Chemist: 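Sending over a structure as structure tokens; questions will come in a sec.
Numbering of ligands and ligand atoms starts at 1, following listing order. Predicted model only: the values in this text are computed from it and were never measured.
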Amino acid sequence: MERIGVFGGTFDPIHVGHLVAAATVRHDVGLDRVLLMVAGDQWQKRGNVVASAIDRLDMVRAAVDGIDGLEASALEIERGRPSYTHETLQALTAPGRELFLVLGADAARNTGTWVEVARCQELATLIVVSRAGDPGEPADPTGWRWRTITIPWLDISSTDLRARLASGRPVEGLVPGPVIELIRARGLFT
Ligand code: ATP
Ligand code: MG
């Protein structure tokens with residue numbers, strides 16, 4: 001069996017918290033690959049995304065370059081309309097393949113509101129990424145096959161990074177070097 005993780009996000013921009021989560025899950029769950037699934041026009045965040053889908057995809061590609069087992073996926077962008085998780089999991093379903101849906105603890109608390117959540121629960125095992133010392137409620141992903149993976153608390157968010165970049169403050173150490181180069185070369189988030 002090929003074991004594939006699906007880690008979705010807007011990645012606007014991708015940062016080291018995302019990479020720590022993806023790499024740790026890959027190792028601890030024993031996954032062959034983790035796909036960083038770059039959201040297209042994400043319906044839950046409509047109006048808030050600042051970088052284009054192609055710029056966000058290229059940033060994710062730059063970030064995972066050279067990291068074993070992490071890959072950027074354009075599947076949702078290529079769909080050309082907002083994607084539901086059940087559609088993405090369905091598209092990735094194949095004989096000989098086992099799917100693992102990777103979610104932050106915050107997102108894992110809200111799957112009850114998802115479209116076709118029961119279908120998602122059939123198609124994938126949920127991996128909840130919990131940040132050590134997270135003051136939030138423990139996740140209770142009712143209806144899922146699931147397990148929790150704990151990673152260090154890295155208090156980094158794309159929202160904060162966009163604000164830092166807009167005001168000209170450094171993001172070194174928070175964003176991978178090749179991604180910073182790409183941001184500067186394309187003049188993103190200014
Ligand atoms: P934004 O501030 O725009 O919401 P974000 O930093 O939360 O951006 P997303 O693209 O929304 O990034 O997140 C994608 C996934 O990464 C989500 O599952 C989220 O829980 C997880 N994630 C976000 N920030 C971190 C972090 N610092 N450490 C670990 N996981 C994170
Ligand atoms: Mg977020």
Chemist: Quick one: which of M37, H18, R162 has a heavy atom closest to atom 9 (P) of ligand 1?
Modeler: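 It is H18 that holds the nearest heavy atom.
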Chemist: With sequence neighbours excluded, what pairs up with E87 under the side-chain hydrogen bond (donor to acceptor under 3.5 Å, both in side chains) test?
Modeler: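 In terms of side-chain hydrogen bond (donor to acceptor under 3.5 Å, both in side chains), with neighbours along the sequence ignored, E87 is linked to R81.
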Chemist: May I ask you to decide whether D32 forms a salt bridge with R26, counting only side-chain N to carboxylate O separations under 4.0 Å?
Modeler: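 Here D32 does not pair with R26 in a salt bridge, since their nearest N and O are not under 4.0 Å apart.
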Chemist: Can you list every side chain to side chain donor-acceptor pair (under 3.5 Å) pair that touches residues 14-25, not counting sequence neighbours?
Modeler: H15-H18
Chemist: Would D12 count as a contact residue for ligand 1, given that I'm defining contact as a non-hydrogen atom of the residue lying under 4.0 Å from a ligand atom?
Modeler: no
Chemist: Only heavy atoms of G8, strictly under 4.0 Å: list the atoms of ligand 1 that pass.
Modeler: 14 (C), 15 (C)
Chemist: Which ligand 1 atoms are under 4.0 Å away from a heavy-atom of T10?
Modeler: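 Near T10, meaning under 4.0 Å from one of its heavy atoms, ligand 1 has 10 (O).
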Chemist: For ligand 1, is there an N or O atom under 3.5 Å from any N or O atom of G104?
Modeler: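 N/O-N/O distance under 3.5 Å: yes.
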Chemist: Kindly compute the distance separating CG (L70) from CZ (F7), expressed to the nearest 0.5 Å.
Modeler: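 With rounding to 0.5 Å, CG (L70) is 10.0 Å from CZ (F7).
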Chemist: Below 4.0 Å from any atom of ligand 1, is there a heavy atom belonging to W153?
Modeler: no
Chemist: State the atoms of ligand 1, each with its element, that fall below the 4.0 Å cut-off from a heavy-atom position in G9.
Modeler: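 Listed by number with element: 10 (O), 14 (C).
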Chemist: With only distance considered, is A21 within less than 3.5 Å of ligand 1 through an N or O on each side?
Modeler: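 Among all N and O atoms of A21, none is under 3.5 Å from an N or O of ligand 1.
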Chemist: Is E2 salt-bridged to R33, going by a charged N under 4.0 Å from an acidic O?
Modeler: yes
Chemist: Using distance alone, decide if ligand 1 has a nitrogen or oxygen within less than 3.5 Å of any nitrogen or oxygen in I151.
Modeler: no
Chemist: So, R119 and Q90: side-chain donor and acceptor under 3.5 Å apart, yes or no?
Modeler: yes
Chemist: Specify side chain, backbone, both or neither for D106, according to which of its non-hydrogen atoms lie closer than 4.0 Å to ligand 1.
Modeler: side chain
Chemist: For ligand 1 and L103, I'd like to know whether there is a polar contact (N/O to N/O, distance under 3.5 Å).
Modeler: no
Chemist: Does S158, backbone or side chain, put an N or O under 3.5 Å from an N or O of ligand 1?
Modeler: yes
Chemist: Provide the number and element of each atom of ligand 1 under 4.0 Å from a heavy atom of T159.
Modeler: 1 (P), 2 (O), 3 (O)
Chemist: Establish whether I149 and W153 are linked, either directly or via other cluster members, by ILVMFWY side-chain heavy-atom contacts under 4.5 Å.
Modeler: no
